Amino acid sequence: MDSIIVKGGTPLKGKIRIAGAKNAALTLMPATLLSEEPLTLTNTPRLSDIKTMTLLLQSLGAEVSALHDGKVQVLSSHGLNSTTADYEIVRKMRASNLVLGPLLAREGHAVVSLPGGCAIGARPMDLHVTALEALGAEIELKDGYLHAVARGGLKGGTIDFRFASVGATENALMAATLAKGTTVINNAAREPEIVDLADCLRKMGAQIEGDGTTRIEVQGVDRLGGATHQVVTDRIELGTYMLAPVIAGGEVECIGGRLSLVESFVEKLHQAGVEVTETAEGLKVARNGDRPRAVDVTTEPFPGFPTDLQAQMMAMLCTAEGTSVLEEKIFENRFMHAPELVRMGASIEVHGGHATVHGVDRLKGAPVMATDLRASVSLILAGLAAEGETRVNRVYHLDRGYEHVEEKLGAVGAQIERVAGE
Ligand code: EPZ
């Protein structure tokens, strides 16, 4: 398994191009199952999760061609010949469950493995199931698989989410596009990736209103056509690289970044005393001199502070002036980066869903272990500011969600290299 070695202490300077959003691409790709015509996605990120979704769709008989070094994908489910998403693939990536809604809508049946837990939590699918049952599906759990049937096809209905689940909103939205009649989704997730999915579905002929708000209304249609769609910028990669100069010092311009994607995050940077400037090409962040101030952070569904930026924010707060309290309200176990940061000299106390971070002057490089995607990158960010060398092991977690992180950070002056695993 590869490791990444970071030598801290070098201020950063330059531009980083932000890729297309992993969490948009992972719901846009299964949308191809809703139509027999080709779906072309541009600005797709080159990530191992995208490869996993490609394998899953191909296992169902769909064709996925990656062009232009993977930045363009042409997908077609004309040759669909299976509606079973196998455990071997689903267990590797929870987002595989996003084939459930489209398969039900297209074929009237689907067998999808439960993803099982992951490092950050149990991650059940009860909200997906109740949403699709509201559209007339009959779903039962047998030997770890959800067996779903929609006799006579899905019918429009009303879905009331107790929690604004991103994935369940995406499954429900895709299923509703081909359901007979009108569907209303209440307490829908409002993430930009949901709006991006709705934009793409509308290009395919879907009739959707209210995406980006808590109430989405869908008029079902008989069939959907093909489309070409550009994947929205990755707001989590954007926030991650905006934090790099805050932690290491210097100035970085994130090309393609838009303030509207990261408003609550930028609000916290302002509270920490960090200035963010909108430029013609994106967002610029500079910190030359005084340390950022401590701030309290609570993760919430969009437009609140994103849980996917919590670990990275914690890395920055480790060397901020003062004490910060982070509250993780989305996942039950998403502080696994904390003990690794403590190995680097951070002062953090975790109690249940709260982590208290007492800022220290400097972190010290150490060998640390990546545990999940966002924890991995938070350790690299911490290494940028640490004295000496930090070796982050098990970086396969990182490759799931970040394109060539060592190249992007190296290009702005970070001393970072990837070493092949033993
Ligand atoms: C999406 O996961 C993202 N993944 C996650 O990003 C992100 O952290 C999460 O949304 C929250 O923003 C993709 O888009 C591929 P949820 P998802 O359903 O859809 C509970 C990353 O790092 N829940 O909004 O799985 C669940 O256990 C990843 O890129 C139920 O209880 O998130 C969790 O505690 C990590 N029942 C909370 O809701 C359900 O049926 C949020 O889950 C579904 C979810």
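All ligand and atom numbering here is 1-based and tracks the order in the structure. FYI, side chains are in, hydrogens and waters are out, and symmetry mates aren't considered; it's all heavy atoms of this structure. All of these numbers come straight from a predicted model, not from anything done at the bench.
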For ligand 1, which atoms, with element, lie under 4.0 Å from some heavy atom of His128?
40 (O)

Can you confirm whether the side chains of Ser378 and Gln312 place a donor and an acceptor under 3.5 Å from each other?
no

Any nitrogen or oxygen of Leu127, side chain or backbone, less than 3.5 Å from one on ligand 1?
yes

Ligand 1-proximal atoms of Leu373, by part, heavy-atom distance under 4.0 Å
side chain

Kindly compute the distance separating OG1 (Thr279) from CD (Glu253), expressed to the nearest 0.5 Å.
3.5 Å

Looking at Ile330 and Glu328, what are the two nearest heavy atoms and their distance?
N-OE2, 2.9 Å

Number the atoms of ligand 1 from 1 as they appear, then name those within less than 4.0 Å of a heavy atom of Arg334, with their elements.
8 (O), 22 (O), 35 (C)

Starting from atom 18 (O) of ligand 1, which protein heavy atom do you reach first, and at what distance in Å?
Ser165 OG, 2.7 Å

So, taking the atom named CG in Leu381 and the one named CE in Met314, what distance separates them when rounded to the nearest 0.5 Å?
13.0 Å

If you measure every N or O of Arg374 against every N or O of ligand 1, does any of those distances drop under 3.5 Å?
yes

If we set the cut-off at 4.0 Å for heavy atoms, which region of Arg162 has an atom near ligand 1: side chain, backbone, both, or neither?
side chain

Please determine if Thr307 has a nitrogen or oxygen closer than 3.5 Å to a nitrogen or oxygen of ligand 1.
no

What is the closest protein heavy atom to atom 9 (C) of ligand 1, and at what distance does it sit?
Phe331 CZ, 4.0 Å

Protein contact to atom 24 (O) of ligand 1 [nearest heavy atom, distance to 0.1 Å]
Val166 N, 2.9 Å

Which heavy atom of the protein is the closest neighbour of atom 33 (C) of ligand 1, given with residue, atom name and distance?
Ile330 O, 3.4 Å

Would Asp308 and Lys22 pass as an ion pair if we require N to O under 4.0 Å?
no

I'd like to know if the side chain of Arg202 reaches the main chain of Ile208, judged simply by a donor and an acceptor atom lying under 3.5 Å from each other, with no hydrogens or angles considered.
yes

Establish whether atom 20 (C) of ligand 1 and some protein heavy atom are separated by less than 4.0 angstrom.
no

How far does CG of Leu379 sit from CZ of Arg374, to the nearest 0.5 angstrom?
13.5 Å

Any chance you could measure Leu197, atom CG, to Asn23, atom CG, to the nearest 0.5 Å?
12.5 Å

Give the atoms of ligand 1, by number and element, whose distance to some non-hydrogen atom of Asp308 is under 4.0 Å.
5 (C), 6 (O), 7 (C), 8 (O), 21 (C), 22 (O), 28 (C), 29 (O), 35 (C)

So how far is it from Arg46 CZ to Lys71 NZ, rounded to the nearest 0.5 Å?
5.5 Å

Salt bridge between Glu37 and Arg223, side-chain N to carboxylate O under 4.0 Å?
yes

Hey, does the side chain of Thr40 reach the backbone of Val74 with a donor-acceptor pair shorter than 3.5 angstrom?
no

Going by the 4.0 angstrom heavy-atom rule, the piece of Phe163 near ligand 1 is side chain

Atom 3 (C) of ligand 1: the protein heavy-atom neighbour that sits closest, reported with distance to 0.1 Å:
Asn23 ND2, 3.6 Å

Got a second to check how far Ile159's CD1 is from Thr169's OG1, nearest 0.5 Å?
8.5 Å

Should the proximity of Leu98 to ligand 1, defined as any heavy atom under 4.0 Å, be assigned to the side chain, the backbone, both, or neither?
neither

For the residue pair Tyr241 and Tyr402, does the interplanar ring angle fall in the parallel (under 30°), tilted (30 to 60°) or perpendicular (over 60°) class?
perpendicular

Would you mind listing which atoms of ligand 1 come within a distance below 4.0 Å of any non-hydrogen atom of Gly167?
18 (O), 19 (O)

Tell me the nearest of Ala21, Pro124, Pro115 to atom 39 (C) of ligand 1, using heavy-atom distances.
Pro124

Could you report the tightest heavy-atom contact between Met125 and Pro115, atom names first, then the distance?
SD-CD, 3.6 Å

So the atoms of ligand 1 within less than 4.0 Å of a heavy atom of Lys22 turn out to be 21 (C), 29 (O)

In terms of atom number and element, which parts of ligand 1 are under 4.0 angstrom from non-hydrogen atoms of Ala95?
15 (C)

Atom 36 (N) of ligand 1 has as its nearest protein heavy atom Asp126 OD1, 2.7 Å

Residue and atom name of the nearest protein heavy atom (relative to atom 25 (O) of ligand 1), distance in Å to one decimal
Arg94 NE, 2.7 Å

Heavy atom of the protein closest to atom 2 (O) of ligand 1 (residue, atom name, distance):
Arg123 NH2, 3.3 Å

